[in-house]
Amino acid sequence: MTKLSEIDLGSALLSTFILIGFIATAFVFVRLMIIGINYVKINYLKKEGEDKEKKIDNSENKGF
């Protein structure tokens, strides 16, 4: 292992910031996926609820 004094400071900083950038990008993608999944789930459940209400209204109109 090289000594700390022999490591090029600029190269170490650049590598560190590139690594932080990759981690941040992965975090953003995971967060967007979670938001998208929740959006689809909410809209799907909302649609199901509307369909159920329509079915109930149709049966009430028939007099049964």
Side-chain angles (χ1 to χ4, degrees):
M1 190 169 153
T2 59
K3 294 181 182 177
L4 187 58
S5 61
E6 294 177 2
I7 296 176
D8 184 22
L9 182 61
S11 177
L13 284 175
L14 180 64
S15 298
T16 303
F17 284 119
I18 289 173
L19 181 64
I20 290 171
F22 278 124
I23 292 171
T25 303
F27 179 73
V28 167
F29 280 125
V30 168
R31 188 172 171 101
L32 287 174
M33 247 189 334
I34 291 171
I35 290 171
I37 289 170
N38 287 336
Y39 179 78
V40 168
K41 281 174 31 179
I42 289 171
N43 285 338
Y44 179 70
L45 293 175
K46 188 176 181 183
K47 238 181 202 180
E48 271 188 358
E50 290 174 358
D51 291 342
K52 289 180 182 177
E53 290 174 5
K54 288 179 183 177
K55 289 179 184 177
I56 293 171
D57 291 340
N58 288 341
S59 64
E60 289 175 0
N61 290 337
K62 293 181 182 178
F64 291 108

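All figures in this text were calculated on a predicted structure; none of them were measured in a lab. Both backbone and side-chain heavy atoms feed into the values below; hydrogens, waters and symmetry mates do not.
- Applying the under-4.5 Å side-chain rule to Ile, Leu, Val, Met, Phe, Trp and Tyr, the cluster around V28 extends to L32.
- L14 belongs to a hydrophobic cluster with I18, F22, counting contacts under 4.5 Å between side-chain heavy atoms of Ile, Leu, Val, Met, Phe, Trp and Tyr, direct or through other members.
- Distance check, rounded to the nearest 0.5 Å: CG of N38 to CD1 of I34 gives 7.5 Å.
- The hydrophobic cluster containing I37, built from Ile/Leu/Val/Met/Phe/Trp/Tyr side-chain heavy atoms closer than 4.5 Å, comprises no other residue.
- Note that CG of L13 is 6.0 Å distant from OG1 of T16, once rounded to the nearest 0.5 Å.
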